[in-house]
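Just so we're clear, the structure is a prediction, and the values are computed from it rather than from any experiment. Labels below follow one simple rule: chain letters A, B, ... track the order of the sequence lines, proteins then strands, and each chain is numbered from 1. Every heavy atom of this structure was used, including side-chain atoms; hydrogens, water molecules and symmetry mates were not.
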Amino acid sequence: MIKITTWNVNSVRTRESHVADFLAREQPDLLLLQEIKCEEHQFPRMAFKNLGYDAVVVGQKSYNGVAVLHRVPVEVLHPRLPGMPESDTHARFIEVRTQGITVGNLYLPNGNSGGDEGYAYKLAWMEALRAHSESLMDADTDFVLAGDYNVCPTDADFAPRALPAGDALLRPETRAAFNALIWTGLTDATRALYPSETLYTFWDYQASAWDRNAGLRIDFQLLSPRLAERLTDVIIHKDERAKPQPSDHVPLSVKLAKAA
DNA sequence: ATGTCTACTCCTAGTAGA
């Protein structure tokens, strides 16, 4: 069995104790973090090292930033999303390999800031991700693409009035790009096990979103075909959102059975 | 849309991003 968790922590330094508590309690093999909001040298490695976890970090000052905490050895395959230009300095992707599985950890652009250019960047990023998934499929790789997608794929994935009309998370072009990614052959782990439940992974800090359950389902673990066959559990760690000083996202875990 | 949160700076108040 391998347990993989993804969590947008909205600053790893602010959320250090939450993350440490989660590792101690849940013992994932990999914890994929997004929005660490710091550079690599500022990453609080020691707090996690004490719990048996090492980190690979792609950081950036103030914004974005992804990291993989691992208690099993990993090889870093890509520190950025293949297909995006070198001039793109956003720290939004890291891909590692362990136990015969390639794991992409991603923080997809929100797309609501920066006007038309900001939204075009989101769509370009999504197309690069689709092309990357296609190339992994062509190579017959077992892989997971997990993280904060900043996409509500269907109307079942957000609460009524949780988003304004025309938000970048639910525009038709956004959904089309997400579908194109899925159609490379991926399985949304959450929907595979819970096809029709109302499930969210994010509640805004504003407008009493948590108290009103005005949430969004925007964090996903997408599985390649053989890994989808091995899926045994999906856990949305909703209790994290009720804690003091929480992230606005909660962790999402999958368990995959040992390869046959 | 913005009732909140985070990090940064021409740093203790205002801005940007989410």
Side-chain angles (χ1 to χ4, degrees), chain A residues 6-22 32-45 47 57-67 81 84 88-93 105-126 129 146-153 155 157-171 173-175 177-178 200-220 237-252:
Chain A
T6 176
W7 194 5
N8 178 324
V9 287
N10 186 18
S11 169
V12 71
R13 291 176 292 173
T14 298
R15 231 64 68 193
E16 179 183 318
S17 66
H18 294 67
V19 173
D21 290 350
F22 184 86
L32 316 178
L33 300 176
Q34 302 93 36
E35 280 205 275
I36 63 171
K37 292 188 171 178
C38 67
E39 296 178 284
E40 181 171 1
H41 72 272
Q42 300 172 303
F43 190 89
R45 287 178 182 277
V57 179
V58 174
Q60 177 186 342
K61 195 180 198 177
S62 305
Y63 303 119
N64 310 319
V66 290
L81 179 60
M84 288 300 285
D88 176 16
T89 55
H90 290 205
R92 294 184 177 275
F93 188 84
N105 173 19
L106 63 105
Y107 175 47
L108 207 144
N110 177 295
N112 281 308
S113 67
D116 291 346
E117 202 174 314
Y119 187 63
Y121 174 66
K122 178 183 186 123
L123 291 181
W125 213 96
M126 294 184 79
L129 186 62
D148 176 0
Y149 277 75
N150 270 314
V151 175
C152 288
D155 288 351
D157 298 313
F158 67 102
R161 293 174 300 284
L163 286 176
D167 191 280
L169 276 60
L170 47 65
R171 282 185 211 159
E173 301 93 318
T174 303
R175 288 176 165 179
F178 186 83
Y200 304 130
T201 62
F202 166 96
W203 293 262
D204 202 302
Y205 291 122
Q206 297 190 72
S208 306
W210 171 247
D211 295 328
R212 295 188 297 123
N213 193 28
L216 314 177
R217 194 172 76 94
I218 55 176
D219 299 271
F220 301 94
H237 302 268
K238 198 174 169 183
D239 53 318
E240 287 292 338
R241 188 63 179 80
K243 294 184 177 179
Q245 282 86 50
S247 170
D248 40 6
H249 295 251
V250 299
L252 169 66

Whole-Å distance, A:N8 CG to B:dG17 P, equals 17 Å
- Message: I want to check one thing: is the phosphate of B:dC5, taken as OP1 and OP2, less than 4.0 Å away from some side-chain N or O of A:R15?
- Response: no
Open item on the list: What's A:F202 touching, base or sugar-phosphate or nothing? Going by heavy atoms closer than 4.0 Å.
Closed with: nothing
note: A:L33, atom CG; B:dT6, atom P; distance rounded to Å ~ 16 Å
- Which is it for A:R13 and A:E16 under the salt bridge (Lys or Arg N to Asp or Glu O under 4.0 Å) test, yes or no, and what are the steps along the way? CA-CA 5 Å; A:R13 291 176 292 173; A:E16 179 183 318; over 6 Å; no
Practice task
Using the C1' atom on both, measure B:dT6 against B:dC11 and round to a whole Å.
Solution key: 16 Å
On DNA chain B, more 5' by nearest nucleotide between A:H249 and A:Y205 is A:Y205
Fit a plane to each ring of A:F22 and A:W7, take the angle between them on a 0 to 90° scale, and name the class: parallel (under 30°), tilted (30 to 60°) or perpendicular (over 60°).
tilted
A:K122 NZ to B:dG17 C1', in whole Å, measures 14 Å
The single option from A:F220, A:W125, A:F93 that satisfies side chain to side chain contact (heavy atoms under 4.5 Å, CB included) with A:L108 is A:W125
Note to self: Under a 4.0 Å threshold between the charged nitrogen and the carboxylate oxygen, would A:D155 count as salt-bridged to A:R175?
What the structure shows: yes
Quick note, A:Q42 side chain, CB onward, closest among B:dC8, B:dG3, B:dA18 is B:dC8
B:dT12 versus B:dA7 - spacing of their C1' atoms, nearest Å:
15 Å
* Asked: What does A:A165 touch in the nucleic acid at a heavy-atom separation under 4.0 angstrom: a base, only the sugar-phosphate, or nothing?
  -> nothing
If the P atom of B:dT15 is compared with that of B:dG3, how far apart are they to the nearest Å?
15 Å
Of B:dA18, B:dA7, B:dG17, the nucleotide closest to the side chain of A:S62 is B:dA7
Of the candidates B:dG17, B:dA1, B:dA18, the side chain of A:Y107 sits closest to B:dA18
Rounded to whole Å, the CZ-P distance (A:R92 to B:dG17) equals 11 Å
Quick note, A:N110 side chain, CB onward, closest among B:dA1, B:dC8, B:dA18 is B:dA18
*asked:* Looking only at the aromatic ring of each residue, does the gap between the centers of A:Y121 and A:H90 stay below 6.0 angstrom?
replied: yes
Here the distance between atom C1' of B:dT2 and atom CZ of A:R161, to the nearest Å, is 16 Å
Whole-Å distance, A:N64 CG to B:dG17 P, equals 11 Å
Could you tell me whether the phosphate oxygens of B:dA16, OP1 or OP2, come under 4.0 Å of any side-chain nitrogen or oxygen in A:K37? no
Test: A:R171 cationic atom under 6.0 Å from A:Y119 six-membered ring centre, within 45° of axis: yes
Rounded to whole Å, CD of A:Q206 lies from P of B:dG17 at a distance of 16 Å
Exercise for review: Decide if the gap between the ring center of A:Y149 and the ring center of A:F178 is smaller than 6.0 angstrom.
Suggested key: yes
Judged by nearest nucleotide, the residue sitting upstream toward the 5' end of DNA chain B, A:V12 or A:P109, is A:V12
Check your understanding: OP1 or OP2 of B:dC5 sitting under 4.0 Å from any side-chain N/O of A:R241?
Key -> no
Distance between the C1' atoms of B:dT4 and B:dC10, in whole angstroms? 26 Å
* Can you tell me if the side-chain N/O atoms of A:T14 get under 4.0 Å from OP1 or OP2 in B:dA7? -> yes
Under 4.0 Å from OP1 or OP2 of B:dA18: is there any side-chain N or O of A:S113 that close?
yes
Of the listed B:dA18, B:dA1, B:dC8, the closest approach to the A:K61 side chain comes from B:dC8
note: A:E35, atom CD; B:dT4, atom P; distance rounded to Å ~ 19 Å
* C1' atom, B:dT2 versus B:dG17: distance in rounded Å? -> 13 Å
